[in-house]
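The structure under discussion appears below in the form of structure tokens.
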Amino acid sequence: MTVLPTQPPGDRIDGVVDHLVHVTYDHHTILRLSIADDAPTSRTITAVGKALFGTQPGESLHLTGTWINHPRYGRQFKTEICERTWPATVRAIRLYLASGMIHGIGKTLATAITNHFGEQTLHIIDTEPQRLLEVHGIGPTRLKRITQAWHTQKTIAEIMVFLQGLNIPAHLAVKIHQTYTKADQDPMEVIRHNPYQLCRDIHGIGFETADRIALATGIPKHSDQRLQAALLHTLTQARSNGDCHLPERALLARTRHLLNDDDPTITEILEDPILRQALEVLRARGETVIEDLPTPILEDGDVFHAVTVVSLTWIHRAETGLAEDILRLHHAPPTLADHTDWTTLLTHTAPNNLTSEQQQGVLTALTQPLSVVTGGPGCGKTHLLRTLVTLADQAGISVALAAPTGKAAKRMEEATGHAAMTVHRLTRPPLDTPPQADHSSLLEDADLVVIDESSILDVQLAAQLTAAIRTGCHLLLVGDTNQLPSVGPGRVLRDILAVPDIPRTKLTHVFRQDNDSAAIIDNAHRILRGQPPQPAPGVFGCRPFEDPEAIVEHVVNLVATLIPQHFDAAPEDIQVLCPARRHAAGVLALNARLQARLNPPSPDRPQHYYEGVVFRLGDRVLQIRNRPHRGRTGVFNGSTGTITAIDTETRQLAVTLNDGETVPYAFSDLDELLHAYALTVHRSQGSEYPYVVIPVTTSAGPLLQRNLLYTAVTRARRGVVLLGQPTAVYRAVANTHTRRRFTALEHRILRRATAMSRSRGSSLSGQLAWEWNTYGSRTSETAGRVVAAPGRLD
């Protein structure tokens, strides 16, 4: 017997979204809905509820819910179920067309079209679009634009209807459509027959969402593609956590946990042999690499055993290529060593104003093809770089300066008086470079490349850099190993320093500062010693608060009023840095409050809601993904700017970056932007700000670490305000435990060096070769012991 579904209880209304009033970060949505009837006068109501999340102005909705009376805002429709529909009445069609959903039709033209065709308007556009030429103001060009936009919206609407049946946010339909139409693929074909492809191609769709779609389309739980997608998802998540690979056992265990839903019918497919078979298919397709790598055993100290690990192919390729290029550069002839009597030139250029450590760093960079300089704030890295550039200029040597982020590059340029750029721009030509122009000359002509803030280089960027540097060119990496590691996978600087043969200079002397930064530098080193920071009037403030709401309120007052009044600073000179995103006094809550205070809504300030976030004209924003083909020179993770235009008709906004370039963003690409009034400490790496405000609460949990607090404090140039729960501050200062990343760069360098040594019949380094040769071969007995020491495969 077939049981017919019962109608959901509650009232039902139809309407067209007029505008969004408010959307919270937890998806609660408030909007104004124009009732879709043919009443002579316009009538709008307020609808509220999480079910409305993801709707956009112009969409036709069928809502189910109940009417409520809000004590302050009056009568509202509390929505339980939201369904997207095609508008049926003349007024609803006119509102839909006038909303901007169909490019090429504005309010005036929407009225003219519906006056001419009435309720048949959408049918005419769909089946007889040539008849639109009957409407005054529509010519062949506009007709083509309207027809293309209509077919796009029809396809998107079809995807939306499918997604809403699975309780999946409908805004993802636009990204799905754009991604696959650009690749000349049918979006619905991908959804129905290869839904796991979505979690690889669409940002915002993870394995759980793709899995829900797959199971709804009839793909069985035990299918090979499901197991393979789960394995790839686990590796991708590991990459997001900074790992370059996972031990096979850890990969299988995490994948098993991902797929386990207490369904007894899938127990068999979660066994190791079945998962290994799926893993072997991925390896055969070239998507993963499986290899044995050495790992230390905690209880045995220097004893090494091999363990099977799995990595995504592109990460393996980057890490392997980086190791080869590091050795290529390291063992190249030092072309600058005999260029000049560097010691004599240094003595005449900088007599008695460099420490022996700084002199060693300068001379090593000029006489060794690859070297590293490390040191904390106030240890003279900037003076060392300035002296190095001066010596190079005097000797007629070409120097290329770069840093991973734009702000770090700008700071480097200001400190040395020499042009500097981001690593991305150094290694990639601008998109508008003429074909005949040779952008590679930037590196081809360089005798010395200096990279500042090297601690935040991830494996992919470092591989891109070293591959572009010619053999014989000297490379100097400068960084602070006490800072947080890179946002991307790997721990490049630490792994390079773990190779004994790489020349390095560690700056340890802390110079007494005569400027406002003295207290900041002193407190940074106090934190490194495990001591809590001390307040310094006018430079370093420490303010205790226990209540998270009081912390948030004080942060907003500091940024909007107190610091600007007392220090003649603009709000854009102040950066709020938080340990976490979602916890109390975290990035999400503070961005919403700071935006409301610093850039409130107003009739003359356009805005657009996207995934629960309102982007408003004048907002400070941060790019979070690499997009080398956006803009003239590409836009990369960490780029910051200000929203300078919002066009609802073309459905895009413009961001003017800090380097002055204005870059367009389609509304569907706004998941690449975050508000930048408040940032996580990780996102701030490589940047420097005049003033920094750091709220800390115990709710940040394991994120409260010494290197995180140290990194936050060292982002400030003139002043710091550290506020929050004292317990959280003490916990951060005391916590030196950091999760060790799964990386293999050190091992690949050592293995490659040993192979080179054997092929040449000579020893490159007795210590280096010995360290690699102590790695034992893999046995079934030792493989089991490795699991007892997770996180040490580094």
Side-chain angles (χ1 to χ4, degrees), residues 4-96 98-99 101 157 160-161 163-173 548-549 552-553 582 584 588-589 591-593 595-597 600-603 605 607-616 648:
L4 295 176
T6 58
Q7 289 294 324
D11 298 315
R12 299 174 184 86
I13 59 173
D14 293 285
V16 178
V17 180
D18 184 67
H19 66 277
L20 297 170
V21 177
H22 185 62
V23 183
T24 64
Y25 68 88
D26 63 351
H27 296 182
H28 183 74
T29 303
I30 305 172
L31 57 80
R32 294 291 291 174
L33 192 76
S34 295
I35 300 302
D37 55 30
D38 286 321
T41 59
S42 176
R43 185 164 69 97
T44 61
I45 60 99
T46 300
V48 300
K50 290 188 177 182
L52 299 169
F53 178 71
T55 57
Q56 296 293 329
E59 289 186 334
S60 291
L61 306 179
H62 177 78
L63 307 182
T64 302
T66 55
W67 289 98
I68 61 173
N69 280 308
H70 190 279
R72 181 175 178 183
Y73 298 108
R75 197 165 186 250
Q76 298 179 338
F77 191 79
K78 185 178 180 182
T79 306
E80 301 297 336
I81 299 174
C82 172
E83 300 173 90
R84 287 163 172 81
T85 64
W86 287 110
T89 67
V90 173
R91 183 168 182 272
I93 295 171
R94 183 168 62 251
L95 289 170
Y96 171 72
S99 68
M101 295 289 281
M160 282 182 173
V161 170
L163 295 181
Q164 75 179 10
L166 300 174
N167 197 27
I168 295 172
H171 67 266
L172 293 173
E549 178 57 31
V552 171
E553 186 63 31
R582 296 185 180 275
L588 293 178
N591 265 323
R593 295 282 287 274
Q595 181 195 40
R597 182 76 171 269
S602 68
R605 197 168 292 164
Q607 63 183 32
H608 175 73
Y609 277 98
Y610 181 84
E611 295 189 28
V613 177
V614 59
F615 290 94
R616 189 172 295 139
T648 55

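Side chains are part of it too, since the values below use all heavy atoms of this structure and drop only hydrogens, waters and symmetry mates.
- Arg32 and Thr46 form a side-chain donor-acceptor contact under 3.5 Å, judged by distance and modelled atom types alone.
- Here the side chains of Arg582 and Leu588 are in contact, with some heavy-atom distance below 4.5 Å.
- The closest side-chain heavy-atom distance from Val48 to Val21 is not below 4.5 Å.
- In terms of heavy atoms, Leu61 sits closest to Cys82 at CD2-SG, 3.9 Å.
- Contact of the Val614 side chain with the Leu20 side chain is not registered, since no non-hydrogen atoms from C-beta on lie closer than 4.5 Å.
- Note: Thr44 OG1 to Asp18 CG = 6.5 Å, rounded to the nearest 0.5 Å.
- Checked by atom type and distance alone, the side chain of Arg605 pairs as donor or acceptor with a backbone atom of Pro600 at under 3.5 Å.
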ask   = Between Arg593 and Glu549, is a salt bridge (Lys or Arg N to Asp or Glu O under 4.0 Å) present by the stated rule, with each step listed?
value = CA-CA 11 Å; Arg593 295 282 287 274; Glu549 178 57 31; 3.1 Å; yes

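- Note: Tyr610 and Phe615 have tilted aromatic rings, judged against thresholds of 30 and 60 degrees for the angle between ring planes.
- Heavy atoms only, all atoms of each residue included: Gln607 and Tyr609 are closest at NE2-CE1, 3.9 Å.
- By the 4.5 Å heavy-atom criterion applied to side chains, Ile13 and Trp67 are counted as neighbours.
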inquiry  = Test side chain to side chain contact (heavy atoms under 4.5 Å, CB included) on Thr66 and Lys78; report intermediate values, then the result.
reply    = CA-CA 5 Å; Thr66 55; Lys78 185 178 180 182; 4.1 Å; yes

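- Partner of Phe77 under the side-chain contact (heavy atoms from CB on, under 4.5 Å) criterion, out of Asp11, Leu33, Leu31: Asp11 alone.
- With values rounded to the nearest 0.5 angstrom, His22 atom NE2 is found 9.0 Å from Thr29 atom OG1.
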